[in-house]
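Just so we're on the same page: letters track the sequence lines, and every chain starts at 1.
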Amino acid sequence: MCGRYSFIPSEKLFLKYKTVQTNYVFLPRYNVCPGENMPVVFKKGNDNYFAEMKWGLIPFWAKDKKIGDNMINARAETIEEKPSFKQPLKTKRCIIPASGFYEWKREGKENVPHYFSPANDAYFSFAGVYDIWKDKHEQDIYSYAIITTQANEIVDKIHDRMPVILNEAGEEQWLQNSNYHSVLGLLKPYDSKKMQVYQVSKEVNSSKMDLAEFILPQE
DNA sequence: CCAGACGTTGTT
DNA sequence: GTCTGG
DNA sequence: CCAGACGTTGTT
DNA sequence: GTCTGG
């Protein structure tokens, strides 16, 4: 899945993604929810840029932008076949930087949130696709979906799906405007030794709250 | 041919 | 049960 | 992803 | 826009 994540900005972002620096204002976020506007890295020409995009991919041909509410994730296993994702896969690949992500473990009637974060790095690079939709004023609306894959050994204890996370070598390959067949191999579960997990407060379940304590281990 | 969908997740 | 809002 | 709503009328 | 189902 991947329906919530965190994003704690730092100067490292510009170095890591070799982006052209802009006036983009980054705010620390501990509970990013579907539908929100968040920074995403994409390539334009030979340069990488940050752009603010809405989480939930609205296909360029959509008549109603609400279709994007259902497009927060794209399954790696079927992304090539899906009308909403096949064209973005070819020409509109992007990276969503994240400090960590949440997955819920179903325990009877309870949903128990767990937080996954990098063991060493500052950020995860989620593999994503985006699209550009025009609203009634011909304004470009950018939106994105996070690609998911089967869980690795550490995530599998909590949940059976996880976001595709790119390693350093994969990041630039994914953004490059190359034949998409050559990057499909990147859509694999991440090395579980490069991440950690712990249970966190159920307060994160409420999308209305966004507190730094959400990413701390629950005692 | 036209009409209608276009998605993932989890749960049953 | 299913949709909407965050 | 989870939480919360899910409806209409008339009156203030 | 493009595919599927009827």
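- Using a 4.0 Å cut-off, some side-chain N or O of A/Arg161 falls inside it from OP1 or OP2 of B/dT9.
- Using P as the reference atom, B/dT11 and D/dC1 are 9 Å apart when rounded to the nearest Å.
- One finds no side-chain N or O of A/Ser206 lying less than 4.0 angstrom from the OP1 or OP2 phosphate oxygen of D/dA3.
- D/dC1 atom P lies 17 Å from atom NZ of A/Lys105, rounded to whole Å.
- When rounded to the nearest whole Å, the span between CG of A/Asp210 and C1' of D/dC1 equals 14 Å.
- The separation between A/Trp55 atom CH2 and D/dC2 atom P is 11 Å, rounded to whole Å.
- Here A/Thr78 reaches the OP1 or OP2 of B/dT8: one of its side-chain N or O atoms lies under 4.0 Å away.
- Each of B/dT11, D/dC2, E/dG1 was ranked by its minimum atom distance to the side chain of A/Asn205; first place goes to D/dC2.
- Between A/Tyr144 and A/Tyr142, the distance separating the two ring centers is not shorter than 6.0 angstrom.
- A ring-centre distance under 6.0 Å is not found for A/Tyr30 and A/Tyr5.
- Which of D/dA3, B/dC6, E/dG1 sits closest to the side chain of A/Phe60 comes down to E/dG1.
- When the C1' atom is compared between D/dC2 and B/dT8, the two are found 15 Å apart, to the nearest whole Å.
- Atom CG in A/Asn73 sits about 8 Å away from atom P in B/dT8, given to the nearest Å.
- Between A/Glu172 and A/Lys43, at least one side-chain N (NZ, or NE/NH1/NH2) sits under 4.0 Å from a carboxylate O, which counts as a salt bridge.
- Taking atom CD of A/Glu110 as the reference point, atom P of D/dC2 lies 13 Å away to the nearest angstrom.
- Between A/Thr148 and the phosphate of B/dT9, there is a side-chain N or O to OP1/OP2 separation shorter than 4.0 Å.
- To the nearest angstrom, C1' of B/dT9 lies 13 Å from NZ of A/Lys82.
- D/dA3 is paired with C/dT4 under the criterion used here, namely a Watson-Crick or G-U wobble arrangement in which both key atom distances are under 3.5 Å.
- If you check B/dG7, D/dA3, C/dG5 against the side chain of A/Met71, the one that comes closest is B/dG7.
- For A/Asn111, whose side chain is taken as the heavy atoms from C-beta onward, the closest listed nucleotide among C/dG6, E/dG1, D/dC2 is D/dC2.
- In terms of heavy atoms, A/Asn167 sits closest to A/Lys194 at CB-NZ, 4.0 Å.
- Spacing of P atoms, C/dC3 relative to B/dA5, comes out at 13 Å, to the nearest Å.
- Distance check on atom P: B/dG4 versus D/dG10 gives 35 Å, rounded to whole Å.
- For the pair A/Lys16 and A/Glu171, the salt-bridge criterion is met [side-chain N within less than 4.0 Å of a carboxylate O].
- Salt bridge present: A/Lys134 and A/Asp140 bring a charged side-chain N and a carboxylate O closer than 4.0 Å.
- When all heavy atoms are compared, the tightest approach of A/Ile96 to A/Gly128 is CD1-CA, 3.7 Å.
- Residue contacts shown for A/Pro59 are absent, as no nucleic acid heavy atom lies under 4.0 Å away.
- Heavy atoms of A/Glu81 sit nowhere under 4.0 angstrom from any nucleic acid atom.
- Distance from the side chain of A/Lys86 is smallest for E/dC3 among the nucleotides E/dC3, D/dC2, C/dG6.
- One atom, OH of A/Tyr5, and another, C1' of C/dG6, lie 14 Å apart when rounded to the nearest Å.
- Between A/Arg75 and the phosphate of B/dT9, there is a side-chain N or O to OP1/OP2 separation shorter than 4.0 Å.
- When the C1' atom of B/dT8 is taken as reference, atom CG of A/Leu57 falls 13 Å away, rounded to whole Å.
- Here A/Ala74 lies in heavy-atom contact (under 4.0 Å) with sugar-phosphate atoms only.
- Between A/Phe85 and B/dC6, no base-stacking contact is recorded for ring centres under 5.5 Å apart and planes less than 30° from parallel.
- In this structure, the nucleotide among E/dG1, D/dC2, B/dC6 sitting nearest to the side chain of A/Arg4 is D/dC2.
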